[in-house]
Visitor: 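What follows is a single structure, and I will ask about it in a moment.
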Amino acid sequence: MTSTKTHALIVAMSIALTVPAQTAPIKLLPPAVPAGLEVEAGWNPFFVAHAVGTQNFICAPANTSTGVDWLFIGPQATAFDSLGEQVLTHFQSKNPERNNAFHATWQSKDTSAVWATRLNGSLDSAYVAPGAIEWLLLEVSGSQVGPTGGAKLAGTKYIQRVNTAGGVKPPAAECTPQTVNTRKMVDYEADYYFYR
């Protein structure tokens, strides 16, 4: 065997040893959730992301004893995958499939998006941390493929919000007739599971 052939063989063997073996994709399991937040049979989680951001409120006139209350005006968050890479943004926007009604929105970095509305929520203390917003089961009310064909979120039917921290409505005493139109951005974190 010539030295050139020997060298080529050694290079090929070292490449083969450094290429990781192909493994089967890890199946994403549904999280444990309180009763009423389970996703019906036939729909499976395909994506999960951890969101960090704020739940936003405005002090507004309301049918309460003080005449005012904190009104929820939507989330504003960035969501990351298990490697810490940004994969989604989460906010409230107009849903073109529901006459531009304002719905919670998740947009993938490939620019596909889904809108969803609340089906059920839970503050079950066996799951939800003290001082945290409720866990939710949401149903997709609209979806959109990105302008360049991005389809990461295509086919999503349900979303679960779990493992929440923070995000609760500010204290009632901080919303008075004198502070109407004051806005508060309350820090929160949550995991979002997407099902199709």
Visitor: Should the heavy atoms of other residues, nucleotides or ligands under 6.0 Å from CZ of F102 be counted, would the total exceed 12?
Guide: no
Visitor: Near R118 CZ, under 6.0 Å, is it more than 12 heavy atoms from other residues, nucleotides or ligands?
Guide: yes
Visitor: Can you tell me if N100 has over 12 outside heavy atoms packed within less than 6.0 Å of its CG?
Guide: yes
Visitor: State whether a side-chain donor-acceptor pair under 3.5 Å links D124 with S122.
Guide: no
Visitor: Work out which heavy atom in P30 is nearest to a heavy atom in Y195; give both atom names and the distance.
Guide: CB-OH, 3.4 Å
Visitor: Could you tell me whether the side chain of Q86 and the main chain of A79 form a donor-acceptor pair under 3.5 Å?
Guide: no
Visitor: Within 45° of the six-membered ring axis of Y192 and under 6.0 Å from that ring's centre, is NZ or CZ of R161 located there?
Guide: no
Visitor: Could you pull out the closest heavy-atom pair between T54 and M185, with the gap in Å?
Guide: OG1-CE, 3.7 Å
Visitor: Please check this pair: side chain of S108 against backbone of S112, looking for a donor-acceptor N/O pair closer than 3.5 Å.
Guide: no
Visitor: What is the minimum heavy-atom distance between A77 and Y188, and which atoms define it?
Guide: CB-OH, 3.7 Å
Visitor: When rounded to the nearest 0.5 angstrom, what is the spacing between NE2 in H103 and CD in Q92?
Guide: 8.5 Å
Visitor: Just by modelled atom types, is the G36 backbone N or O under 3.5 Å from a matching donor or acceptor in the E38 side chain?
Guide: yes
Visitor: In a check of side chain to side chain contact (heavy atoms under 4.5 Å, CB included) between Y158 and each of L138, L119, N44, which one passes?
Guide: L119
Visitor: At what distance, to the nearest 0.5 angstrom, does NE2 of H50 lie from OG1 of T78?
Guide: 11.0 Å
Visitor: Please answer whether the main-chain N or O of A151 pairs with a side-chain N or O of D110 as donor and acceptor at a distance below 3.5 Å.
Guide: yes
Visitor: Checking Q76 against H90: is there a side-chain donor and acceptor pair closer than 3.5 Å?
Guide: no
Visitor: Under 4.5 Å between any side-chain heavy atoms of L123 and W135, yes or no?
Guide: no
Visitor: Is there a side-chain contact between I58 and N181 (heavy atoms, below 4.5 Å)?
Guide: yes
Visitor: Is there a donor-acceptor contact under 3.5 Å linking the side chains of S93 and W115?
Guide: yes
Visitor: Would you please say whether a donor-acceptor pair under 3.5 Å links the side chains of N95 and S141?
Guide: yes
Visitor: Are the ring centres of F47 and F194 closer than 6.0 Å?
Guide: yes
Visitor: Could you tell me the separation between the CD atom of Q160 and the CG atom of L37, rounded to the nearest 0.5 Å?
Guide: 7.0 Å
